[in-house]
Amino acid sequence: MKLMIVGADGQLGSDLVSQFQDHAKLIPLTYQDGDITDPGFVNRICRSHAPDVIINTAAFHQVPRCEDEPQRAFEVNALGARNLAFAAKDQGSRLIHISTDYVFDGLKTTPYTEEDAPNPLSVYANTKLSGEYFVSSICEQFMILRVSGIYGQTRCIGKGSNFINTMLKMYRENKPLRVVTDEILTPTSTLEISRQIEVMINHNLNGLFHVTCEGACSWHEFAQSIFDILDYRVKVETAKVADFPSIVKRPHYSVLENARLKEAGLNRMSHWRNALQEFLTTVEVNQL
Ligand SMILES: NC(=O)c1ccc[n+]([C@@H]2O[C@H](COP(=O)([O-])OP(=O)(O)OC[C@H]3O[C@@H](n4cnc5c(N)ncnc54)[C@H](OP(=O)(O)O)[C@@H]3O)[C@@H](O)[C@H]2O)c1
């Protein structure tokens, strides 16, 4: 399999490279190689490599910045995906596009399935949903994967850090640790997503899928679990979303059910706590 990974040095992209390096001919692309908003670049690179599968992890996902730069957010998250969709269609490649739990408004109190109607609250979420629509309306062979609260060994380049890096940095700097209890999600490791993607490719799945770890927690519970697993004696204080005023509206509840993966008998995602335990016991914590 010839596999092109777009955003190959990013948080998810790096784990995808490791996951597939022994069983695919990899074409890892970084921003240095070209910008997905440039259709000329996207067409050229796809024609010259003719990949069997393209995985697009690239995004403009600094959520507050997207509010100030809606045009750029649309260019990367929606038109970039559209460029890849047309190029994939031309080459007969399967496109795997990474999307987000933020397409939902968070008004539900039970996990969102792929059947639930999206209702994005922010510029970021609107542009990611547009990207999904471009991919599904242009490609015949595609998978759209909605993921949530992701963390991996490579820092999230787009945001500068992930939640675990932020918590550890605040702890090392002796800053007060106050984390919200009223935003509920499922933190998901990029290692788990990468393993699940391999299963999905091997089974030739097609369509929209929720791909998150199992279970759910608040950011506060997630933060406390990080310190508990590491055996650091830290008590994380509780806070409310309203304590941190923001220009961005985020869903207060964005737990996803991997309903389609379960229907297909192919859900390989672990409980978030087990995935976190595996992550923290296998990485070099000092490097985080
Ligand atoms: N992080 C989360 O919690 C979260 C939650 C839900 C969904 N997601 C989605 O998950 C996906 C992967 O996230 P991640 O955390 O792995 O992101 P990341 O670490 O920021 O990696 C994204 C990669 O894409 C590259 N890129 C950005 N804009 C590009 C462009 N216009 N053309 C070409 N390459 C470009 C980045 O390069 P530079 O670093 O040089 O900019 C980087 O290598 C994204 O689609 C995101 O929307 C993330």
Side-chain angles (χ1 to χ4, degrees), residues 4-19 27-42 45-46 54-66 69 71-84 87 95-104 112 118 120 122-132 134-135 143-166 183 185-194 196-197 209-213 219 222 248 250-251 254-256 272:
M4 180 180 277
I5 299 175
V6 182
D9 58 352
Q11 189 168 224
L12 175 57
S14 322
D15 271 346
L16 286 168
V17 168
S18 310
Q19 181 70 25
I27 308 141
L29 296 183
T30 69
Y31 214 154
Q32 316 300 321
D33 296 306
D35 187 328
I36 58 163
T37 66
D38 173 2
F41 162 72
V42 171
I45 200 88
C46 289
I54 303 169
I55 307 180
N56 177 31
T57 74
F60 180 23
H61 58 124
Q62 284 166 283
V63 180
R65 260 187 72 194
C66 290
E69 301 174 51
Q71 196 162 333
R72 182 63 187 158
F74 191 76
E75 275 169 11
V76 179
N77 298 336
L79 299 180
R82 179 174 179 263
N83 292 337
L84 285 162
L95 178 60
I96 301 178
H97 177 69
I98 308 300
S99 190
T100 174
D101 53 332
Y102 275 21
V103 298
F104 294 114
Y112 285 93
S122 63
V123 169
Y124 167 69
N126 270 285
T127 58
K128 290 293 288 185
L129 184 61
S130 299
E132 288 189 6
F134 280 129
V135 170
M143 285 187 246
I144 293 164
L145 273 57
R146 291 186 183 141
V147 303
S148 160
I150 68 176
Y151 60 89
Q153 192 160 7
T154 305
R155 267 159 205 265
C156 173
I157 305 179
K159 295 181 184 170
S161 64
N162 61 37
F163 184 77
I164 299 179
N165 306 137
T166 305
E183 221 173 76
L185 75 160
T186 308
T188 297
S189 94
T190 50
L191 185 60
E192 290 277 322
I193 300 170
S194 303
Q196 181 69 64
I197 288 179
F209 295 89
H210 288 177
V211 180
T212 62
C213 279
W219 285 112
F222 184 48
V248 184
R250 297 169 199 265
S254 64
V255 180
L256 306 184
W272 68 266

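First listed ligand is number 1; within each ligand, the first listed atom is number 1. Just so it is clear, the structure is predicted and the values come from calculations on it, not from any experiment.
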May I ask whether [X] has any heavy atom positioned less than 4.0 angstrom from an atom of ligand 1?
{"X": "Gly80", "result": "no"}
{"X": "Tyr151", "result": "no"}
{"X": "Ser14", "result": "no"}
{"X": "Asp35", "result": "yes"}

Quick one: which ligand 1 atoms are inside 4.0 Å of a heavy atom on [X]?
{"X": "Thr100", "value": "6 (C), 7 (C)"}
{"X": "Gly10", "value": "19 (O), 21 (O), 43 (O)"}
{"X": "Arg72", "value": "31 (N)"}
{"X": "Leu12", "value": "16 (O)"}
{"X": "Asp9", "value": "42 (C), 43 (O)"}

Heavy-atom pair with the smallest gap, counting every atom of Trp272 and Tyr151: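 Looks like O-OH, 4.2 Å.
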Over all atoms of both residues, closest heavy-atom pair of Thr212 and Arg146: CG2-O, 4.1 Å
Out of [options], whose heavy atom sits nearest [atom]?
{"atom": "atom 27 (C) of ligand 1", "options": "Pro187, Gly13, Ala59", "value": "Ala59"}
{"atom": "atom 33 (C) of ligand 1", "options": "Gly34, Pro28, Gly7", "value": "Gly34"}
{"atom": "atom 41 (O) of ligand 1", "options": "Phe163, Phe41, Tyr124, Tyr31", "value": "Tyr31"}
{"atom": "atom 1 (N) of ligand 1", "options": "Ile150, Asn56, Val147, Val76", "value": "Ile150"}

Proximity to ligand 1 by part of Arg146, non-hydrogen separation under 4.0 Å: neither
